[in-house]
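None of the values given here were measured: they were computed from a predicted structure. Side-chain atoms are counted along with the backbone in the values below, which use heavy atoms only and exclude waters and symmetry mates.
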Amino acid sequence: MTNQAVADLLARSNRLGSDPRNTNYAGGNTSAKGTETDPVTGEDVELLWVKGSGGDLGTLDESGLAVLRLDRLRSLVNVYPGVEREDEMVAAFDYCLHGKGGAAPSIDTAMHALVDAAHVDHLHPDSGIAIATAADGEALTATIFGGKVAWVPWRRPGFQLGLDIAAIKAANPDVMGAVLGGHGITAWGDTSQEAEANSLWIIQTAADYIAEHGHPEPFGGVRAGFEALPDAERTARAAALAPTIRGLASHDKPMVGHYTDSHAVLDFLASEKAPALAALGTSCPDHFLRTKVKPLILDLPATATPEEQIARLKELHEQYRTDYQAYYDRYAVPTSSTGEGSPAIRGADPLIVLVPGVGMFSYGANKQTARVAGEFYVNAINVMRGAEALSTYSPISDAEKFRIEYWTLEEAKLQRLPKPKTHQGRIAFVTGAASGIGKAIATRLAKEGACVVVADLDLEKAQAVAAELGSTDVAIGVAANVADAAGVQAAIDATVLAFGGIDLIVNNAGLSLSKPLLETTEKDWDLQHDVMAKGSFLVSKAAASALIAQGLGGDIVYISSKNSVFAGPNNIAYSATKADQAHQVRLLAVELGEHGVRVNGINPDGVVRGSGIFASGWGANRAATYGVKEEELGQYYANRTILKREVVPENVADAVYVLTGPELSRTTGLHIPVDSGVAAAFLR
């Protein structure tokens with residue numbers, strides 16, 4: 001049975017965390033104190049339940065709570081070695097765990113344990129951080145909250161901050177919470193309801209004060225030429241720039257991207273103060289750990305051409321890398337003989353790229369991380385707006401940012417992350433993916449960590465398959481008539497806008513008409529070639545443009561057929577177009593190799609189960625050709641092979657996985673048979 005204090009804590013946490021006005025994703029923490037029976041002694045023991053490291057309040061459940069003994073936590077005060085060695089106290093939390101302890105305790109555990117209140121909230125609301133980052137934040141805190149909320153000067157999260165807040169609470173019994181300079185807010189209460197009410201009162205009171213007393217144009221006037229482009233033009237420009245920007249952001253390691261053109265972003269980028277404020281960087285640790293300390297902001301107006309913007313972005317990227325390296329060198333502690341020192345630089349590329357008139361491009365190791373980074377920078381914009389409305393935005397210093405960004409405790413958290421899957425960070429575009437072989441390929445690539453675009457003539461089915469694969473952070477469905485150049489380009493544009501770019505293209509869309517030569521019409525011939533030969537060409541051409549702009553290499557895979565090399569009966573149109581596809585593989589492997597793009601093919605045969613082509617009538621025709629029942633066709637194909645094993649869509653998906661994985665990184669121009677062994681189709 002769940003302890004009532006825990007039930008109240010989880011309900012409160014979910015309510016607070018589900019509203020972005022209260023805290024950002026995975027930001028802040030909440031706690032409750034209560035008693036349970038110690039199974040060893042049979043006596044009551046005081047416990048602290050607190051959100052563990054890395055959890056999200058909006059989705060927090062009991063497994064995300066760290067459970068610790070209060071008596072042992074409070075005893076840590078007696079062995080605290082001082083602020084210079086406060087990081088040692090984090091390891092001591094492990095000796096305070098109750099039972100298995102639940103989730104790993106976070107750095108903020110001391111704050112919750114030492115503050116003498118049954119329930120404590122620590123949150124990162126935009127309105128609260130606006131006060132916390134204002135140059136006169138202390139005076140504003142006194143004015144806005146009338147003595148009900150204390151001011152705590154900036155201090156890095158840790159044991160000492162917990163002691164500081166506990167001392168304020170003890171000395172000021174009427175205070176309900178505190179504004180933490182440069183950081184966020186903390187509130188408390190004797191009951192869960194009181195703590196939640198106090199948190200919400202602080203957040204709303206700050207927001208109301210900013211709205212009532214703030215300057216109407218906190219970012220200054222609008223810069224001529226930097227206003228938002230019209231909707232359609234803005235989307236087209238974003239799609240044109242996205243591959244290049246992703247390539248810049250992936251100089252050190254591949255990144256997935258996210259595009260945002262919200263009013264908050266466009267309004268900020270059009271303003272007079274945007275360049276100076278962006279250069280100051282973010283302040284709340286949760287923000288800059290996701291966004292890096294500063295963004296890269298393009299200094300050209302929206303009226304510049306795409307070519308001018310790309311050229312300038314490349315120049316600014318080089319300068320950004322130089323500046324970031326200087327930032328690291330300025331504050332990094334050299335490694336000593338005992339091995340102590342700052343962690344190695346984690347990369348000098350920007351995670352936030354701002355393009356006036358167009359929007360924001362944010363990056364991360366996966367789509368969720370990229371999206372959240374963008375959300376955090378919108379939080380930062382809101383913070384800057386609030387601070388500038390009342391005062392002057394004054395974030396913590398770069399030196400303090402570095403202490404957190406390259407904190408050994410933060411490094412340890414990163415080292416605990418699971419090893420990435422083989423295709424993490426890769427963006428796959430699969431045609432004909434709403435069924436059969438294409439669906440199996442999309443499913444396998446998503447399972448291996450790729451972001452997947454399910455492209456199909458039937459948009460509704462494509463979106464349904466994408467939903468099966470996961471959230472829009474994992475997969476999206478798009479309409480794609482591969483025989484239409486404009487439709488293909490629109491699908492590729494949707495891909496780069498959804499995930500930042502494109503890495504892996506699978507030309508799988510197809511259909512087949514089983515007819516002898518004299519019954520094959522010109523319309524039959526054109527249809528077969530339009531979908532597979534022309535369609536593969538159009539998809540490869542549109543995708544290659546993005547691949548080259550990125551400069552990250554990539555993979556193009558053609559799902560060809562055993563029939564591309566085997567002459568079977570009653571199959572002139574289908575087999576001829578498959579032979580066309582097969583030679584496209586060789587031609588493009590030669591042409592795109594200089595850009596690091598590998599082009600390979602797969603030759604399946606006899607894929608009956610789950611195949612869209614066979615279900616559309618092809619199976620019945622082939623069964624009639626071979627004189628067998630349609631339901632026996634799969635086994636017929638298997639019996640004529642060397643291995644005597646039926647081929648299913650997942651076998652083709654396995655081949656795509658291997659071809660595009662790390663093991664065959666030096667392979668291009670290859671065709672892999674997936675046919676259980678058809679000697680007549682052996683490649684020579």
**Study point:** Worked verdict on Val647 versus Tyr637 for side-chain contact (heavy atoms from CB on, under 4.5 Å)
**Key:** CA-CA 9 Å; Val647 179; Tyr637 280 129; over 6 Å; no

For Ile672 and Asn600, run side-chain contact (heavy atoms from CB on, under 4.5 Å): C-alpha distance rounded to whole Å, both residues' side-chain angles, the deciding distance at 0.1 Å, then the answer. CA-CA 8 Å; Ile672 295 181; Asn600 293 290; over 6 Å; no

_Audit row: Arg444, Glu650, side-chain contact (heavy atoms from CB on, under 4.5 Å) steps and yes/no_ = CA-CA 8 Å; Arg444 180 61 190 272; Glu650 288 72 22; over 6 Å; no

- Would you please test Phe376 and Asn379 for side-chain contact (heavy atoms from CB on, under 4.5 Å) and show each step? CA-CA 5 Å; Phe376 276 45; Asn379 290 135; 4.2 Å; yes

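For the pair Asp675 (side chain) and Pro604 (backbone), a donor-acceptor distance under 3.5 Å is absent. At distances below 3.5 Å, at least one donor-acceptor pair connects side-chain atoms of Asp252 with backbone N or O atoms of Ala348. The closest donor-acceptor contact from the side chain of His671 to the backbone of Leu683 lies at 3.5 Å or more, if one exists at all. Put simply, the side chain of Thr260 never gets that close to the backbone of Ser262: no donor and acceptor are under 3.5 Å apart. The backbone N or O of Thr521 sits less than 3.5 Å from a side-chain atom of Asp524, completing a donor-acceptor pair. A donor-acceptor contact shorter than 3.5 Å is absent between the side chain of Ser514 and the backbone of Asn571. For Gln550 (side chain) and Ile502 (main-chain N/O), a donor-acceptor pair under 3.5 Å exists by modelled atom type. Of the possible polar contacts, none joining the Tyr363 side chain to the Gly500 backbone as a donor-acceptor pair under 3.5 Å is found. Between the side chain of Glu227 and the backbone N or O of Gly225 there is at least one donor-acceptor pair closer than 3.5 Å. With Thr641 contributing its side chain and Ala638 its backbone, the two residues share a donor-acceptor pair below 3.5 Å.
Taking OG of Ser676 as the reference point, atom CG of Asp605 lies at 9.0 Å (rounded to 0.5 Å). We find the OH-CG distance between Tyr574 and Leu527 to be 13.0 Å, quoted to the nearest 0.5 Å. Taking CG of Asn508 as the reference point, atom CE of Met532 lies at 10.5 Å (rounded to 0.5 Å). Atom CD1 of residue Ile602 and atom CD of residue Gln581 lie 12.0 Å apart, to the nearest 0.5 angstrom. The CG atom of Leu504 sits 9.5 Å away from atom CG of Leu547, with the distance rounded to the nearest 0.5 Å. Between atom CZ of residue Phe537 and atom CG of residue Asp580 there is a gap of 10.5 Å, rounded to the nearest 0.5 Å.
At least one side-chain heavy atom of Ile441 sits less than 4.5 Å from a side-chain heavy atom of Ile559. Looking at Gln368 and Tyr25, their side chains come closer than 4.5 Å, going by heavy atoms from C-beta outward. Looking at Ile556 and Val597, their side chains come closer than 4.5 Å, going by heavy atoms from C-beta outward. With contacts defined as side-chain heavy-atom distances shorter than 4.5 Å, the pair Ile352/Met360 qualifies. Under the 4.5 Å side-chain criterion, counting only non-hydrogen atoms from C-beta, Leu313 is not in contact with Thr244. At least one side-chain heavy atom of Val372 sits under 4.5 Å from a side-chain heavy atom of Glu375. The shortest side-chain heavy-atom distance between Val355 and Leu241 falls under the 4.5 Å cut-off. Proximity of Ser540 to Asn507: side-chain heavy atoms (C-beta onward) are separated by under 4.5 Å at one or more points.
Between Arg237 and Asp261 there is no salt bridge, since none of the side-chain N atoms of the basic residue sits less than 4.0 Å from a carboxylate O of the acidic one. Taking 4.0 Å as the cut-off between side-chain N and carboxylate O, Glu315 and Arg312 count as a salt-bridged pair. In summary, Glu318 and Lys314 do not engage in a salt bridge, as defined by a charged side-chain N under 4.0 Å from a carboxylate O. Ion pairing of Arg234 with Asp231 is present here, as a side-chain N (NZ or NE/NH1/NH2) and a carboxylate O approach within less than 4.0 Å.
Taking the six-membered ring for Trp and thresholds of 30 and 60 degrees, His317 and His251 have ring planes inclined between 30 and 60 degrees apart.
The minimum heavy-atom distance between Tyr328 and Ala344, with the atom names listed, is OH-CA, 3.6 Å. In plain terms, the two heavy atoms of Arg598 and Thr660 that are nearest each other are NH2-CA, 3.6 Å. Minimum heavy-atom separation, Val474 to Ala446: CG1-CB, 4.2 Å. Summarising the geometry of Ala249 relative to Met255, their closest heavy-atom pair is O-CG, 3.6 Å, with the distance given to 0.1 Å. Counting all heavy atoms, side chain and backbone alike, Val256 lies closest to Ala365 at CG2-O, 4.0 Å. Val648 and Val607 get closest at one heavy-atom pair: C-CG1, 3.9 Å.
For the residue pair Thr577 and Gln528, no side-chain donor N or O sits within less than 3.5 Å of a side-chain acceptor on the partner. A side-chain donor from one of Gln584 and Tyr558 sits under 3.5 Å from a side-chain acceptor of the other.
In this structure, the side-chain hydrogen bond (donor to acceptor under 3.5 Å, both in side chains) partners of Glu308, at least two apart in sequence or on a different chain, are Thr305. Every residue meeting the ring pair (Phe, Tyr, Trp, His ring centres under 6.0 Å) condition with His423, not counting sequence neighbours, appears here in chain and number order: Tyr657.
Glu591 CD: 12 or fewer foreign heavy atoms inside a 6.0 Å radius. Annotation for Lys253: atom NZ does not count as buried by contact number, only 12 or fewer foreign heavy atoms lying within 6.0 Å.
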Would you be so kind as to tabulate the donor-acceptor pairs closer than 3.5 Å made by side chains of residues 452-459, with sequence neighbours excluded?
| from | atom 1 | to | atom 2 | distance (Å) |
| --- | --- | --- | --- | --- |
| Asp456 | OD1 | Asp458 | N | 3.0 |
| Asp456 | OD2 | Ala433 | N | 3.4 |
| Asp456 | OD2 | Ala434 | N | 3.2 |
| Asp458 | OD1 | Glu460 | N | 3.1 |
| Asp458 | OD1 | Lys461 | N | 3.1 |

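Results of the side-chain contact (heavy atoms from CB on, under 4.5 Å) test with Phe499 over Arg246, Arg426, His258, Lys367 single out Lys367 as the only residue that passes.
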